[in-house]
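Down below is the structure, laid out as C-alpha cells.
Heavy-atom basis, side chains included; hydrogens, waters and symmetry copies ignored. Labels below follow one simple rule: chain letters A, B, ... track the order of the sequence lines, proteins then strands, and each chain is numbered from 1.
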Amino acid sequence: MKPQLHSLLGTALTAVLAEHSGAAPAVLPAIQLEPTKDPRFGDFSSNLAMLLAKPLGLAPRKLAEALLRQLPPSASVAKVEIAGPGFINFFLAPAAFQSVVAEVLQRGDGYGRNAHGAGKRAMVEFVSANPTGPLHVGHGRGAAVGDCLARLLEASGWDTAREFYYNDAGAQINNLALSVQARCKAVEPEQPGWPENGYRGDYIRDVAAAYLAGASMAADDRAVTAAADPDDLDAIREFAVAYLRHEQDLDLKAFGVHFDLYYLESSLYSEGRVTQTVTALEGSGHTFEQDGALWLKTTDYADDKDRVMRKSDGSFTYFVPDVAYHVSKWQRGFQRVINEQGADHHGTIARVRAGLQALDIGVPQGWPEYVLHQMVTVMKGGEEVKISKRAGSYVTLRDLIEEAGRDATRFFLVARKADSQLVFDIDLARAQTNDNPVYYIQYAHARVCSVLRQLGERGMSWDDDSGIAAVGRLQEPLELALAAQMARFPETVEIAASTLEPHLIAQYLRELAAAFHGFYNSHQLLIDDVELRNARVALAVAARQVLRNGLGLLGVSAPEQM
RNA sequence: GCGCCCGUAGCUCAGUUGGAUAGAGCAUCGACCUUCUAAGUCGAGGGCCACUGGUUCGAAUCCAGUCGGGCGCACCA
C-alpha cells in the first residue's frame with residue numbers, strides 16, 4: 001500500500017515542481033509517508049507540503065492543495081484530506097486492505113522478503129567466545145541478536161555467512177590448560193600448585209576427567225583424542241579447547257544457532273597474516289618507534305590515542321591480529337560485515353577501523369559495522385541471579401534455556417534494543433500465561449491452526465483460491481485493521497535490516513498478534529455464509545503466514561497447537 | 001579526568017529517524033466463556049519523556065550544558 005501512495009505523491013510532486021520551475025529547490029526533500037496513529041487522520045499521512053514550503057516559498061496548505069490537484073486517481077484511495085499545518089492524509093479504500101490478504105497468500109514464505117542485497121555478500125560475526133568456559137547470558141544475547149541480524153540480511157537478499165572467531169592460543173588458553181592440569185592432578189583451588197587466576201568452575205573438573213579417560217571430542221570440523229597424560233600440557237591445551245568448544249556448540253545448537261565459519265586466531269599467526277599486516281602498516285607511513293615499541297598513529301583516523309602494535313619484548317598486542325583478521329574478512333569479499341559484540345569491547349572499534357584505513361586497501365570508512373549489546377541482568381523470584389554452579393561465577397546460556405526454553409529465551413534476548421541494558425525475568429519467561437509475550441504471539445498462530453482443524457472436522461473446505469476470490473467481503477474495521485497490520489510487515493523487515501535492529505520484529509509481532517486476537521474475538525470464522533467464511537479464513541491464514549514468517553526471523557518456533 | 005551507551009507510567013520497555021492529544025505489556029480496578037483454545041478480548045485510572053537552555057512552522061527525538069546509571073580508557077585479551 002505504501003509504495004503505491006509513494007508513487008502517487010511522486011507524480012504529483014513532479015507536476016507541482018513543473019508549475020514552479022523557477023523556484024525549484026536544489027535539493028528535493030525525500031517523500032515521507034507514515035501510518036497514522038489516529039484514524040481521524042486516515043491511514044497514511046505525508047508531511048511533504050510542509051517540507052517543501054520553505055524551499056518553494058509557499059504556504060504549506062497552499063502547496064498541499066496544489067499537490068492534491070495533481071494527485072492521480074487510484075482505486076486504493078478512498079479520500080485525501082489536508083489537515084492541521086499541511087499534512088496530506090490518505091484514507092484507503094477497503095480494496096487496498098483486501099488485496100494485502102491475497103498478496104500474502106500468493107507470496108507465502110516469501111512475503112516480507114526483499115531483494116535489496118541480491119548478488120551481494122554479507123558476514124555477521126557474533127558470539128566469538130573464547131573456549132575457556134561455558135557460554136554466559138551475554139553470549140546468549142549476542143547469539144540471539146547476531147543470528148537475527150543474519151536472518152534479516154538473508155530476508156533482504158544478502159548471501160550471508162555467520163562466523164565465530166576465537167582465540168585458541170593466548171595467555172587465557174594457557175591458563176585454562178594449567179587449570180585443567182591442576183584438576184588432573186587433584187589440586188583444588190587455594191592449594192599449592194593451583195595456578196594463579198586459574199579457572200575455578202566445576203566444568204574444569206569435567207574437562208580433566210574426560211582428558212584422563214582418553215575421550216575424543218569433535219568441534220569445528222576437528223577431532224581431538226585426549227592423550228590422558230597429566231604432564232603433557234600441549235595435549236591438555238588442545239583437548240581442553242576442543243572440549244569447551246564442543247560444549248559451546250551444544251549450547252548454540254540447543255539455542256537454534258549455527259555457524260558457517262569458524263576462524264581461529266592462531267591461524268592468523270600460522271598463515272603469516274599478523275606479520276604481513278605489521279609490514280604493510282609500517283609501509284603505510286603511519287607507524288613510529290618509541291620506547292622500544294612499534295606504534296600505529298591511530299589518531300590519524302579518529303582514535304583518541306595512538307596504539308602499540310609490537311611491544312618492547314617483541315610480541316604483538318591483541319589489536320594487530322584484530323586488524324589482520326579484518327583484512328581477511330575484507331579479502332574474502334564481504335561487502336558488508338557486521339560485528340555483534342558486548343558493549344564492553346567498544347574501545348576496539350576505532351582501533352580496528354583505523355588500522356584498516358591506514359592499510360589503504362580500499363576499505364570504506366564505516367567498515368565494518370558494529371552492533372553492540374549492553375549487559376543482561378537475570379532476575380528470579382524478585383532477586384538478581386549472579387552465579388551458576390557449573391560456571392562458578394556467572395549465569396550460563398544453558399541455565400536460561402533449561403529454565404525458560406529456547407523460544408522464550410531467544411525472544412526475550414532479542415526483544416529489546418541492543419544498546420539498552422536488559423533485565424531477563426526468568427519467572428516471566430517461563431510463565432505459560434498471558435503475561436508472556438512469546439506465548440501471546442505463538443498462541444495467535446496456534447489458534448489459526450486450530451480453526452483449520454475445526455473446519456475440516458465440520459466437513460467444510462477452504463483453499464487459497466476460494467479465499468482470495470472472497471476477500472472483497474472483508475469490510476469490518478477489525479478485519480481491515482488486521483490486514484493493514486500485515487501490510488506493514490515488508491517495510492518493518494526492511495527497516496530492521498537497514499538499521500540492524502531485530503527488536504523491531506519482536507515489537508511488530510506483538511502488534512500483529514494483538515490485531516489478530518482482536519479480530520478473532522469479535523468475529524466468528526466458521527459460519528454458514530460460505531463466501532464470508534472463505535474470506536475470514538483467508539484473512540486468518542494470511543495472518544498465520546505473516547506470524548510464521550516473522551517468528552522465523554527471530555528463530556522462534558510457530559507451534560500448530562499449544 | 002576523557003570517550004561510548006542509556007535515562008519515557010509503580011515495574012519491564014516501544015516510539016516507524018523532526019510530526020498532530022507520548023504508546024504497549026505487567027501490576028491495580030471493572031466487564032466478557034452453552035459459540036472456532038479465556039495462554040484470549042473490551043474498558044478505567046496511572047506522565048514535568050531526568051533537568052536547563054538552544055535550533056524551527058513543530059522536539060521524547062537534533063545541538064550544548066548539568067545531574068544520575070552502565071561500560072571502556074595497558075607495551076592485558
Exercise for the section: Check for a donor-acceptor pair, side chain of A:Q545 on one end and backbone N or O of A:Y111 on the other, with a separation under 3.5 Å. Expected result: no

Practice task
Kindly say whether A:Q485 contributes a backbone atom to a donor-acceptor pair with the side chain of A:Y508 at under 3.5 angstrom?
Solution key: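 Yes, the answer is positive, given that a donor and an acceptor are paired below the 3.5 Å cut-off.
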
Handout entry: Polar side-chain contact A:H346-B:G3 base: donor and acceptor under 3.5 Å
Key =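 Counting by modelled atom types and ignoring angles, a donor-acceptor contact under 3.5 Å is found here.
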
Problem - Distance-only donor-acceptor test, A:S312 side-chain atoms vs B:C75 base atoms, 3.5 Å - result: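 Side chain to base: pair present.
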
Handout entry: Test side-chain contact (heavy atoms from CB on, under 4.5 Å) applied to A:N339 and A:H345, A:E369, A:H326, A:E163, the passing residue
Key =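 Answer after filtering A:H345, A:E369, A:H326, A:E163: A:H326.
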
Which whole number of Å gives the distance between the [atom1] atom of [N] and that of [M]?
| N | M | atom1 | value |
| --- | --- | --- | --- |
| B:G54 | B:U61 | P | 14 Å |
| B:A59 | B:C49 | C1' | 11 Å |
| B:A60 | B:U17 | P | 16 Å |

Practice task
Could you tell me whether A:Y325 and A:Y165 have their ring centroids closer than 6.0 angstrom?
Solution key: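 Close enough - the centres of the two rings lie under 6.0 Å apart.
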
Problem - Comparing A:D344 and A:G292 on RNA chain B - which has the more 5′ nearest nucleotide - result: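 Result of the comparison: A:D344.
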
Exercise for the section: Name the residue closer to the 5' end of RNA chain B, choosing between A:L452 and A:Q290 according to the nucleotide with the nearest heavy atom. Expected result: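 Taking each residue's closest nucleotide, the earlier one in sequence belongs to A:L452.
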
What does [X] touch in the nucleic acid at a heavy-atom separation under 4.0 angstrom: a base, only the sugar-phosphate, or nothing?
| X | answer |
| --- | --- |
| A:H517 | sugar-phosphate |
| A:Y520 | base |
| A:A343 | sugar-phosphate |
| A:D291 | base |
| A:Q172 | sugar-phosphate |
| A:H523 | base |

Exercise for the section: May I ask you to decide whether A:K417 forms a salt bridge with A:E501, counting only side-chain N to carboxylate O separations under 4.0 Å? Expected result: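 A salt bridge is absent here (no side-chain N lies under 4.0 Å from a carboxylate O).
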
Problem - Ion pair A:R533/A:E531, N-O distance below 4.0 Å - result: no

Practice task
Decide whether A:S128 and A:E125 meet the rule of one side-chain donor and one side-chain acceptor closer than 3.5 Å.
Solution key: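 Yes, A:E125 and A:S128 have a side-chain donor paired with an acceptor closer than 3.5 Å.
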
Can I get a per-line list of side-chain donor-acceptor pairs under 3.5 Å for residues 518-527 of chain A, giving both atom names and the distance, sequence neighbours left out?
{"from": "A:N521", "atom 1": "ND2", "to": "A:H517", "atom 2": "O", "distance (Å)": "3.0"}
{"from": "A:S522", "atom 1": "OG", "to": "A:G518", "atom 2": "O", "distance (Å)": "3.0"}

Within the sub-3.5 Å range, which N or O atoms of nucleotides 11-21 of chain B have a protein N or O partner, and how far apart are they?
{"from": "B:U12", "atom 1": "O2'", "to": "A:R416", "atom 2": "NH2", "distance (Å)": "3.3"}
{"from": "B:C13", "atom 1": "OP1", "to": "A:Q421", "atom 2": "O", "distance (Å)": "3.2"}
{"from": "B:C13", "atom 1": "OP1", "to": "A:V423", "atom 2": "N", "distance (Å)": "3.0"}
{"from": "B:C13", "atom 1": "O2'", "to": "A:R416", "atom 2": "NH1", "distance (Å)": "2.4"}
{"from": "B:A14", "atom 1": "OP1", "to": "A:K417", "atom 2": "N", "distance (Å)": "2.7"}
{"from": "B:A14", "atom 1": "O2'", "to": "A:Q507", "atom 2": "OE1", "distance (Å)": "3.4"}
{"from": "B:A14", "atom 1": "O2'", "to": "A:Q507", "atom 2": "NE2", "distance (Å)": "2.7"}
{"from": "B:G15", "atom 1": "OP1", "to": "A:H503", "atom 2": "NE2", "distance (Å)": "3.0"}
{"from": "B:U16", "atom 1": "O2", "to": "A:R488", "atom 2": "NH2", "distance (Å)": "3.4"}
{"from": "B:G19", "atom 1": "N7", "to": "A:N47", "atom 2": "ND2", "distance (Å)": "2.8"}
{"from": "B:A20", "atom 1": "OP2", "to": "A:K37", "atom 2": "NZ", "distance (Å)": "3.0"}
{"from": "B:A20", "atom 1": "N6", "to": "A:S45", "atom 2": "OG", "distance (Å)": "2.7"}
{"from": "B:A20", "atom 1": "N6", "to": "A:N89", "atom 2": "OD1", "distance (Å)": "2.7"}
{"from": "B:A20", "atom 1": "N1", "to": "A:N89", "atom 2": "ND2", "distance (Å)": "3.3"}
{"from": "B:U21", "atom 1": "O4", "to": "A:R40", "atom 2": "NH2", "distance (Å)": "2.0"}

Practice task
Tell me, yes or no, whether the heavy-atom count around A:K297 atom NZ, taken from other residues, nucleotides or ligands under 6.0 Å, exceeds 12.
Solution key: no

Practice task
Determine if the base of B:C33 is syn or anti; take syn to mean the glycosidic torsion is within 90° of 0.
Solution key: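 Syn, which is what one calls it when the glycosidic angle falls within 90° of 0.
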
Practice task
Answer syn or anti for B:U17, where the cut-off is 90° from 0 on the glycosidic torsion.
Solution key: syn

Exercise for the section: Could you check which of B:A38, B:G25, B:A77 has an atom nearest any side-chain atom of A:R447? Expected result: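 For the A:R447 side chain, the nearest candidate turns out to be B:A38.
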
Handout entry: Out of B:U35, B:U41, B:G3, whichever nucleotide has its closest atom nearest the side chain of A:D304
Key = B:G3

Completion exercise
Output field dot_bracket for RNA chain B (Watson-Crick or G-U, both distances under 3.5 Å, | for other-strand pairs) contains (((((((..((((.....[...)))).(((((.......))))).....(((((..]....))))))))))))....

Handout entry: Phosphate-side-chain proximity, A:K54 and B:U56, N/O vs OP1/OP2 below 4.0 Å
Key =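 The answer is no; no side-chain N or O of A:K54 sits under 4.0 Å from OP1 or OP2.
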
Exercise for the section: Ignoring backbone atoms, establish whether A:Y440 has a side-chain N or O less than 4.0 Å from OP1 or OP2 of B:U41. Expected result: yes

Problem - Aro-ring/base stack A:Y439-B:A39, d under 5.5 Å, angle under 30° - result: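 Here A:Y439 meets both the 5.5 Å and the 30° conditions.
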
Exercise for the section: Answer yes or no on whether A:R245 is positioned over the face of A:F164, meaning its NZ or CZ is under 6.0 Å from the six-membered ring centre and within 45° of the axis. Expected result: yes

